[in-house]
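Please read these numbers as outputs of a predicted model, since none were measured by experiment. Each ligand, and each atom within it, is numbered from 1 in the order the structure gives. All heavy atoms count here, side chains included; hydrogens, waters and symmetry mates do not.
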Amino acid sequence: MKMNSISKLLSSDKTSHEVTIKGWVRSFRSNRFIALNDGSIIHNIQCVLDFENTDESVLKRITTGAAISIVGVLVESKGKGQKVEIQISKIEVLGDSHPDEYPIQPKRHSLEFLRENAHLRIRTNTFGAVMRLRSALSFAVHKYFTEHGFYNFHAPIITGSDAEGAGEMFKVTSLNIESPPLNEDTKVDYTQDFFGKETNLTVSGQLEAETYAMALGKVYTFGPTFRAENSNTTRHLAEFWMIEPEMAFHDLDMNMDLAEDFIKSVIKEILDTCKDDLEFLENRLLQEEKSKPANQRSEMMLIEKLKFVVENNFKRISYTEAIEILRNSKPNKKKRFQFPITEWGVDLHSEHERFLVEKHFKCPVILFDYPVGIKAFYMRLNDDGKTVRAMDVLFPDIGEIVGGAQREERLDVLKNKMDLLGISEKELWWYLDTRKFGTAVHSGFGLGFERLVQFVTGMSNIRDVIPFPRTPNNADF
Ligand code: 4AD
Ligand code: MG
């Protein structure tokens with residue numbers, strides 16, 4: 001028997017033919033109208049039951065959340081709210097859903113409540129829309145890079161190097177942690193561990209991607225990355241997905257051009273292909289906005305904001321220019337920043353990034369040429385000796401969405417830097433080899449996938465754009 005998807009049925013012009021669909025009951029009213037959803041699209045299809053000819057025992061089992069199979073005729077609907085509906089000829093309850101116990105009732109639930117039911121929250125309209133968009137974005141990412149001559153490279157998840165310095169790492173071990181073997185110095189003897197050395201979950205696939213870029217030209221990784229920082233914010237996860245392109249023979253300007261074009265292209269793809277889900281989420285935000293004081297409401301609607309990003313140039317300024325703007329800004333002078341900007345060289349916080357993007361420039365901003373002291377060892381030193389060829393892309397509501405750089409390709413300069421920072425050359429011998437054998441200018445960046453999904457869906461908490469979020473004190477499911 002051929003099964004139809006609701007998405008296909010709702011978009012077809014053909015009616016009066018028999019269809020078979022399976023899905024979950026969203027609501028059942030007047031013993032007659034079933035709103036059925038199969039996940040293929042945000043919309044339900046209305047299925048009309050001839051209840052006089054349906055067993056009482058079956059009627060009782062048509063409850064919210066139940067899985068059912070329906071055979072019927074697709075007809076034009078006389079009712080309001082839908083173009084077509086199904087006149088049921090055969091109905092079968094495949095899986096019951098106990099009405100007193102099923103948590104996802106047809107009413108508004110708080111996002112906090114839904115987080116506690118992350119295994120069922122996907123059955124709500126909001127999470128259906130968010131996760132379908134997440135899937136579409138992931139596809140758009142692969143499509144963009146494939147069309148632009150990149151090869152997909154799978155970086156290892158377990159890594160023996162912790163040189164990135166991107167944050168605290170999670171250890172990977174098969175030792176008995178209750179009584180691990182000790183060496184002469186009474187430290188844990190990792191030579192007896194599974195890999196014969198200390199290993200961690202990766203914080204970034206960049207260093208490995210660089211080795212691949214130096215042979216395949218243009219590569220990208222798109223995989224899970226892990227950071228054991230204790231950041232309990234709406235923008236941090238302990239496990240998140242990162243997209244990291246790495247390109248040989250690309251300098252920082254080409255890197256910035258690519259980052260901007262890439263972000264615009266994937267957002268445009270979503271605007272073109274995910275209209276229904278975007279419209280639903282825009283409406284959801286509109287409802288949310290109504291409960292906010294007028295001065296806290298967004299200036300742009302969701303879809304308008306996405307179009308704005310696609311259609312306008314990102315503003316590019318150096319860190320030094322940004323510091324000047326921030327130093328002279330109203331919130332800095334009125335001491336409204338939690339971290340006041342006092343001098344050149346300080347690291348920027350989310351409040352500063354958001355001021356630049358949301359208040360000062362009112363558009364996405366790319367900051368480049370950061371002080372050497374606040375960026376990673378592998379970034380290329382500028383001739384001034386004070387700054388490196390780093391770049392961060394800053395977005396409204398999100399702050400930093402991309403971090404990247406032109407890499408230091410000069411072996412002696414790189415070694416000096418590693419020396420200074422106490423990074424072991426012995427451990428990174430393979431990374432240094434890329435600078436010994438056919439070194440060349442190269443660049444890359446990392447985009448936090450969940451932050452992009454947040455921007456596109458308008459969800460304010462990063463926990464609501466990944467199926468099962470991992471955050472401090474939370475690894476349920
Ligand atoms: O700026 P980050 O730390 O850069 C790197 O890891 C580089 N190795 C990337 C590269 O050049 N290949 O992280 C990159 C991006 C950030 O801009 C942010 O969007 C995201 O990853 N990110 C996080 N997203 C969610 N939760 C976290 N804890 C994140 N930490 C970083
Ligand atoms: Mg960063």
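With ligand atoms numbered from 1 in the order given, ligand 1 contributes 6 (O), 8 (N) to contacts under 4.0 Å with heavy atoms of S204. Within ligand 1, counting atoms from 1 as listed, the ones closer than 4.0 Å to a heavy atom of E400 are 1 (O), 16 (C), 17 (O), 19 (O). Close contacts between ligand 1 and R407 involve ligand atoms 10 (C), 11 (O), 12 (N) [criterion: under 4.0 Å to a heavy atom]. Close approach of ligand 1 to E229 is summarised as follows: ligand atoms under 4.0 Å from at least one heavy atom of the residue are 28 (N). Which parts of ligand 1 touch G403 is read off a 4.0 Å heavy-atom cut-off, strictly below it: atoms 1 (O), 9 (C), 10 (C), 11 (O), 17 (O). Every atom of ligand 1 with a heavy atom of Y378 under 4.0 Å away is listed here by number and element: 7 (C), 8 (N).
The minimum heavy-atom distance between A322 and L356, with the atom names listed, is CB-CD1, 4.0 Å.
There is no side-chain donor-acceptor pair under 3.5 Å between E353 and S350. Side-chain N/O atoms of E210 and Y431 include a donor and acceptor closer than 3.5 Å. Using a 3.5 Å distance cut-off with no hydrogens or angles, the side chains of N332 and S329 do not pair a donor with an acceptor. In the model, W344 has a side-chain atom that pairs as donor or acceptor with a side-chain atom of T320 under 3.5 Å.
Remark: S265 pairs with Y144, D261 by the side chain to side chain contact (heavy atoms under 4.5 Å, CB included) rule, at least two apart or across chains.
Screening D253, I366, L367 for a side chain to side chain contact (heavy atoms under 4.5 Å, CB included) with M391, the sole residue that qualifies is I366. Screening R26, H43, R284 against N125 for a side chain to side chain contact (heavy atoms under 4.5 Å, CB included) leaves a single residue, R26.
If you look at E239 next to ligand 1, there are no close heavy atoms at all, none under 4.0 Å. Contact annotation for F449 and ligand 1: no heavy atom of the residue comes within less than 4.0 Å of the ligand. In H236, the parts holding a heavy atom less than 4.0 Å from any atom of ligand 1 are both the side chain and the backbone. If you look at F240 next to ligand 1, the close heavy atoms, those under 4.0 Å, all belong to the side chain. Residue contacts with ligand 1 for E450 are absent, since no atom lies close enough (heavy atoms, distance under 4.0 Å). When non-hydrogen atoms are compared, ligand 1 lies under 4.0 Å from neither the backbone nor the side chain of D392. The backbone of R235, and not its side chain, has at least one atom closer than 4.0 Å to an atom of ligand 1 (non-hydrogen atoms only; backbone = N, CA, C, O).
The ring of F240 has its center no closer than 6.0 angstrom to the ring center of F449. Between H142 and F222, the ring center distance clears the sub-6.0 Å criterion.
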Under 3.5 Å, which donor-acceptor pairs do the side chains of residues 465-477 form with other protein atoms, sequence neighbours left out?
unit_1: R470; atom_1: NH1; unit_2: F468; atom_2: O; d: 3.4
unit_1: R470; atom_1: NH1; unit_2: D476; atom_2: O; d: 2.9
unit_1: R470; atom_1: NH2; unit_2: F477; atom_2: O; d: 2.7
unit_1: T471; atom_1: OG1; unit_2: N474; atom_2: ND2; d: 3.4
unit_1: N474; atom_1: OD1; unit_2: D476; atom_2: N; d: 3.4

Considering only distance and modelled atom types, tabulate donor-acceptor pairs under 3.5 Å from the side chains of residues 410-419, sequence neighbours left out.
unit_1: R410; atom_1: NE; unit_2: E408; atom_2: OE2; d: 2.7
unit_1: R410; atom_1: NH2; unit_2: L381; atom_2: O; d: 3.1
unit_1: R410; atom_1: NH2; unit_2: E408; atom_2: OE1; d: 3.0
unit_1: R410; atom_1: NH2; unit_2: E408; atom_2: OE2; d: 3.3
unit_1: K417; atom_1: NZ; unit_2: F377; atom_2: O; d: 3.3

Q: Carefully, step by step, assess E409 and R380 under the rule salt bridge (Lys or Arg N to Asp or Glu O under 4.0 Å).
A: CA-CA 7 Å; E409 84 284 11; R380 193 182 199 281; 2.9 Å; yes
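Ligand 1 has no nitrogen or oxygen under 3.5 angstrom from a nitrogen or oxygen of M242. Residue-to-ligand polar distances place L237 within reach of ligand 1: an N/O pair is separated by less than 3.5 Å.
Side-chain contact between L175 and F194: absent, with no pair of heavy atoms (C-beta onward) separated by less than 4.5 Å.
Only protein N, O or S atoms were scored, and 1 of them lie under 2.8 Å from the Mg ion (ligand 2).
Nearest to atom 13 (O) of ligand 1 by heavy atom, out of E210, E244, R227, M391, is R227.
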